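Let me begin by presenting the structure, written as structure tokens, before commenting on it.
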Amino acid sequence: MAERYDPSIVEPKWQRYWRDNDTFRTPDAGDGPRAYILDMFPYPSGAGLHVGHPEGYTATDIVARYKRACGVQVLHPMGWDAFGLPAEQRAIETGAHPAETTAANIATFRRQLQMLGFSYDWSREVDTTDPGYVKWTQWIFLELFERGLAYQSEVSVNWCPALGTVLANEEVKDGLSERGDHPVERRPLRQWVLKITEYADRLLEDLAEVEWPNSTRVMQTEWIGRSDGALVRFALEGDAGEAIEVFTTRPDTLFGATFMAIAPEHPLVDRLTTDAARPAVQAYVAAARNKSDRERQQTKEKSGVFTGGYAINPVNAAKVPVWVADYVLYGYGTGAIMAVPAHDERDFGFAKAYGIPIVEVVSPEGPPTEAPLSEPFVAPGFAVRSGKYDGLATAEFKARIIDDLEARGAGERRVEYKLRDWVFSRQRYWGEPIPIYFPVDVPDGGDPRRGAACTIRYDEPIAMRRDELPLRLPELDDYRPGDDPQGVLARATDWRFFERDGRWYARETNTMPQWAGSCWYFLRFTDPHNDEAPWSPEAAARWLPVDLYVGGAEHAVLHLLYARFWHKVLFDAGLVPVKEPFAKLVHQGMILGEVEYTGYRDEAGVWVSAPDVARRDGVPVRASDGATLEEVRLGEAQVHKDADGGFVLEAALAGAATVQVESRAHKMSKSRGNVVNPDDIVRAYGADAMRVYEMFMGPLEATKPWNAGSIAGVKRFIDRVWAVAVRACAQERDGALDEATLRLLHKTIAKVTEDIEAMRFNTAISAMMVLTNELGRLDAPPREAVATLAQLVHPFAPHLAEEVWEALGRAPSVQAAPWPEADPALCEDPEVEVPVQVNGKVRGRVLLPKDAPADVAVAAGRALPTVAAQLEGKTLRKTIWVPGKILNFIAR
RNA sequence: GCCGGGGUGGCGGAAUCGGCAGACGCAGGCGACUUAAAAUCGCUGGUGGUUUCCACAUGCGGGUUCAAGUCCCGCCCCCGGCACCA
């Protein structure tokens, strides 16, 4: 066998073996425990794999290989989330069809993943852009449509005429497009919308059932944003037939409502406005209309204008002035509020700005506060100045007054959500066509494909027949967005319009957003080649739910919420057997670039200490005078850690002054030039080293910086494992397992097993390093121990493990060998070293039998010279003996 | 501002249930092998001191306890998310 371990030969060898022997084929039959272990599938970008991808993929691979060795049937698939803007952008720039670009990128990704030795069942690969997949995405859309969960609506969007597209809020700055500074207008456009709000409560409640990171459950909870409150009607003064409806979570503060505020878009604005107030109100409304939501929220300064109109408070018949104010959002609740400045931050700010009275109706203690409030009191308390309700605690008051309002017909219980229905249309090319068409009215003999004037009856959407799916994308010469808000596909008139039974029809020209394909890919993996159905009931029952789902926290809300929504719809349709798709979720942390030390220097070459540096538009400037500074990348030798804990420049550079420098790792980015390419790492160290390094960096969930030096250390570990194997095999006679080694072996089995189960891969690796170092010290490492080491190492460094296993003369593959079991009797030492303390400070150690009685321990402890010296001349007050843990003498 | 997660050697991190702080690895120092270097192996490795020992050390300040990185109270800083949602 080879003296040196060469991954460039060994790794492709085993990858070939696994492929030729179908080692990782998913068992589609048979009983016994099963596990569905899933990665968030990647968008195959042109840049290829990033070191962040293999982090999560290695974690799931370790679990998958471990589970298989434990006799569990495993589904561990991989695929491509391949619709998306970059491929389309490339098509615009180079003319290459997005499908070609996508295919090339997928080929690169697949090669890179296979090079890393992941145990995916590649026969189950799916690609969201494949017509065979699109067919079923469209099929599910029809399911939503037929259940009334997909509808069309005029939604106000950011339309940019110059770019010919709708922009996301993030792409608009100060009313101009971020790219090109073109004007953007708010325009209502017909969009397809999915009724996710109908599932809001179930999406909320079922979060309790899943084993997910707390942060992600909190984020989804806040995103859904359920508030329980009341709808209250305030009649207009002088017109009892008309009322302003408000939503409030604090109906207990109704007696403190000193004004009302309605959104500028509110339909009652006109009706409420008196002639005297009209010019001011109209000016205010016009100004608000031209501002985007984002701009309106930019300033926390409250603005508004009095309409001149009044409404009547239903609880005390008080006349309440109605204002128009843009801090009231038209899209939430009823677009109107009752304002209670004493008990609401925003209303308080508004009342202060416009001199509106502030009336306390909730007191923290019980009695009313006489002095004017200096800040709003928003916590629960006791009612004051609230008539017959005085003295009631907030919660009780709320329940009572809602009942009373309901009885009088002035209001009712109401639940509101921040969650909005999901705008599901894009005006782009590279997405799934929506399988809907509309009747078209054309004058006799006209042909809309030739540009004949026609009317599309958008109010009569018709679902395609399921046997007509998939609806494929048309070929286009030009993928550029146009000036037609109907989208790029509107230009493909031959595709768009068709005649059937003497009548013209037009296809929907919007496409689905990128999220569509990822909403159900985990279902397709259970039965990826089914032509009759998106998946079979048997396959779904066999594999669902996903037992372990690993992916980035950036998907905490959108993907994970949308996928849950679709899944629940499919559950209601009887198509999936469980209500939640992902039983356990883990987010891998981000991998940052190497730590960088940065110093700052002004134009005169004088160093500026890091705390004195500010940033203006991303450029470093001196905080005191705003002078532009130069960033200087420093080497480790040029800095050292200061007594205060910060890094400072070496005296050779800084002179007498103390100059603090910035020390931190940055996100990997092309522009910063700190991107690490997996291909380079595999070439230099091998796939196993890359895998083990990424797991050894720290806890999976943590954000951590890349460090090129550490990977060399991991490579040394791999070489040491090989060296031990070489020496074990070179022996004429097998080395004997001494008791100490046997005990260590079993402790390591136990530790690695527990750590994999708990996904603490870094400490599992450290335990294997300890075992390897110990075996390396033996003159003749026993083959039995080396074989067990190979089994333990195998989920982490599979190529190395297979090679060692084969060298030991075992039948391939190590994946087929049952996972080793630790003998509990060998995991505990009969004798333990116990620290001996005097007054809580360690003064020595004694070796004692695990269950030594107190008197034996005390005698042994007192016999230690260092302990005796500490006890000299003192009175022993107390002795604490925790068997096997600690011996502590308390003496005065 | 609110919510969530963090802060431990020069660096990444370990300490899983209140019981030896710093496992394992990187960087550093010393040594072996070598003509030499690389590679490899061994030793060393928080800071300070009067160095077989002692003092001080887990962001800062208090507290509980025989014993605190771990529990409690009050702060500071970093990362992520939300941000007029009534």
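Chain naming here is simple, since letters A, B, ... match the order of the sequence lines and numbering starts at 1 in each. Please read these numbers as outputs of a predicted model, since none were measured by experiment.
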Donor-acceptor contact present, side-chain [X] to main-chain [Y], <3.5 Å:
X	Y	value
Tyr562(A)	Val557(A)	no
Tyr597(A)	Arg633(A)	no
Thr866(A)	Arg843(A)	yes

Write down the distance between [atom1] ([X]) and [atom2] ([N]), rounded to a whole number of angstrom.
X	N	atom1	atom2	value
Met697(A)	G12(B)	CE	P	11 Å
Glu222(A)	C82(B)	CD	P	10 Å
Gln588(A)	G5(B)	CD	P	19 Å
Lys747(A)	A23(B)	NZ	P	17 Å
Met590(A)	C78(B)	CE	P	17 Å
Arg720(A)	U40(B)	CZ	P	9 Å

Are OP1 or OP2 of [N] and a side-chain N or O of [X] less than 4.0 angstrom apart?
X	N	value
Arg777(A)	C41(B)	no
Arg760(A)	G13(B)	no
Gln870(A)	C54(B)	yes
Lys841(A)	C56(B)	yes
Asn707(A)	G25(B)	no
Asn762(A)	A14(B)	yes
Ser227(A)	A86(B)	yes

Do Trp722(A) and Phe717(A) have ring centroids that are under 6.0 Å from one another? no
What nucleic acid atoms does [X] come within less than 4.0 Å of, heavy atoms only: base, sugar-phosphate, or nothing?
X	result
Glu757(A)	nothing
Ile880(A)	base
Arg716(A)	sugar-phosphate
Glu833(A)	base

From the options [options], select the nucleotide whose nearest atom is closest to the side chain of [X].
X	options	value
Pro835(A)	C24(B), C20(B), A86(B)	C20(B)
Phe647(A)	U16(B), C11(B), A14(B)	C11(B)
Asn888(A)	G13(B), G25(B), C66(B)	C66(B)
Leu329(A)	G12(B), A86(B), C66(B)	A86(B)
Asn214(A)	G4(B), C53(B), C11(B)	G4(B)
Ser215(A)	G4(B), G25(B), A21(B)	G4(B)

For [N], give its Watson-Crick or G-U wobble partner with both distances under 3.5 Å, or none.
N	value
C56(B)	G46(B)
C2(B)	G81(B)
A37(B)	none
C71(B)	G63(B)

Distance check, [atom1] atoms only: [N] and [M], in whole angstrom units.
N	M	atom1	answer
C17(B)	G62(B)	P	28 Å
G28(B)	U52(B)	P	30 Å
G22(B)	A57(B)	C1'	11 Å

Please round to the nearest 0.5 Å and tell me the distance separating atom CZ of Arg413(A) and atom CD1 of Ile402(A). 4.5 Å
Working to the nearest 0.5 angstrom, can you tell me the gap between Glu828(A) CD and Arg743(A) CZ? 9.5 Å
Could you go step by step and tell me if Asp829(A) and Lys747(A) meet the salt bridge (Lys or Arg N to Asp or Glu O under 4.0 Å) rule? CA-CA 10 Å; Asp829(A) 290 319; Lys747(A) 283 185 211 168; 2.8 Å; yes
Assess whether one donor atom and one acceptor atom, taken from the side chain of Lys302(A) and the base of C84(B), lie less than 3.5 Å apart. yes
Which comes earlier along RNA chain B counting from the 5' end, the contact point of Arg4(A) or that of Gly331(A), where each point is its nearest nucleotide? Arg4(A)
